[in-house]
**Student:** 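Structure incoming, see below.
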Amino acid sequence: MQHLVSMKHLTEEEIMAILDRADTFKKRGVRELPGKYSVSNLFFEPSTRTKMSFEMAQRKLGLDVLPFESSFSSTLKGETLYDTVKTLEAIGVDALVIRHPEDGYYEQLIGRTSVSIINGGDGSGQHPTQSLLDLFTIKEEFGSFQELNVLITGDITHSRVARSNADALTKLGANVTFLCPAEWAGEFNSVDSWDEVIKNSDVVMLLRVQHERHEAEITFAGESYHERYGLTEAREQLMKENAIIMHPGPFNRGVEIADTLIECPKSRIFKQMENGVYIRMAVLETVLKGRN
Ligand code: CP
């Protein structure tokens, strides 16, 4: 595998190989990559988890990491993404992690550069390493994906996490249900009430309400988003005993999830962030070794 840009491109075997490799990194500690590789992280949108955990993964693998700050780069002089990537290719970078606001930004790059591209999130498109760390966290908990009931709830239409996970979980045999206001469902079918789904869900995956992408204050027939669609303490009480709560972060406390549930016994939210480092080590190793 020379690039990782979308979960749609991964076979079940490729997904499982990355999860297994991440498990080895988690259980047996750090293995430096033989040979030196240079990488850089090009983030044109804000990030804490993805950027920092890629940097941690890169350091653990012994990679040379070239710092790049989009706000101090020639992007501000109008340089295009393509020209930025070609410049870093000429300088000698082997792989780039890129987060960019444009859906499918990577299509202008693949086949036109020898640099490997790892997608750190494109607009409302895909976020493959978030999906892989979510899958890793679910597999750690349940052992497999077959017939698991996964409920994804929140701002589905704007969510690259929802899109990536829907593709991957369905491929792996899980049953995926979406819960959200109908106008936020995008291309997916959704349900409108927790009553139908809360008691049967093995995984409740909450997504951030992306306030920056909504123009008006969000209310539903007099109810707040939290009352109508959020995971409240009362709803958490209805979950199966061994069900888990996930959220990719960053979270809006008291909006999609009650403040008190973020670190409750069912929550795996900070476990997801921890697992992100091992998944990103596995992805970096797979992509760098897969270069022609
Ligand atoms: N989950 C996630 O992508 O978080 P960041 O935006 O902080 O990277």
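All values below come from the heavy atoms of this structure, side chains included, with hydrogens, waters and symmetry mates left out. Keep in mind it's a predicted model, so treat the numbers as computed, not measured. In each ligand, atom 1 is the first atom listed, and ligand 1 is the first ligand listed.
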**Student:** Which of the listed options, R99, R160, R49, K51, holds the heavy atom that is closest to atom 6 (O) of ligand 1?
**Tutor:**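 Among R99, R160, R49, K51, the closest heavy atom to atom 6 (O) of ligand 1 comes from R99.
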
**Student:** So for G249, does at least one of its heavy atoms come nearer than 4.0 angstrom to any atom of ligand 1?
**Tutor:**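 Per 4.0 Å heavy-atom rule, G249 contacts ligand 1.
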
**Student:** Should you measure from each heavy atom of Q130, which atoms of ligand 1 turn up under 4.0 Å away?
**Tutor:** 1 (N), 2 (C)

**Student:** Using only heavy-atom distances, determine whether the side chains of Q272 and T137 contain a donor-acceptor pair under 3.5 Å.
**Tutor:** no

**Student:** May I ask whether E45 places a heavy atom under 4.0 Å from ligand 1?
**Tutor:**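 It does not, in that no heavy atom of E45 comes within the 4.0 Å cut-off of ligand 1.
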
**Student:** Indicate yes or no: does an N/O atom of P250 lie under 3.5 Å from an N/O atom of ligand 1?
**Tutor:** no

**Student:** Is it the case that atom CE in M56 sees more than 12 heavy atoms from other parts of the structure closer than 6.0 Å?
**Tutor:** no

**Student:** Hey, mind stepping through T50 and R99 against side chain to side chain donor-acceptor pair (under 3.5 Å) and telling me if it holds?
**Tutor:** CA-CA 9 Å; T50 310; R99 171 171 289 189; 3.0 Å; yes

**Student:** Quick one: nearest non-hydrogen protein atom to atom 1 (N) of ligand 1, plus distance?
**Tutor:** P248 O, 2.9 Å

**Student:** Any chance the rings of W184 and F178 have centres within less than 6.0 Å?
**Tutor:**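 They do not qualify: ring centres at least 6.0 Å apart.
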
**Student:** So if I apply the side-chain contact (heavy atoms from CB on, under 4.5 Å) rule between I98 and each of L109, D122, T84, which one comes out positive?
**Tutor:**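 Of all the options given, the one that passes is L109.
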
**Student:** Taking the basic N atoms (NZ, or NE/NH1/NH2) and the acidic carboxylate oxygens, is any pair closer than 4.0 Å for D192 and R228?
**Tutor:** yes

**Student:** If the cut-off is 4.0 Å to any non-hydrogen atom of T48, which atoms of ligand 1 fall inside it?
**Tutor:** 5 (P), 7 (O), 8 (O)

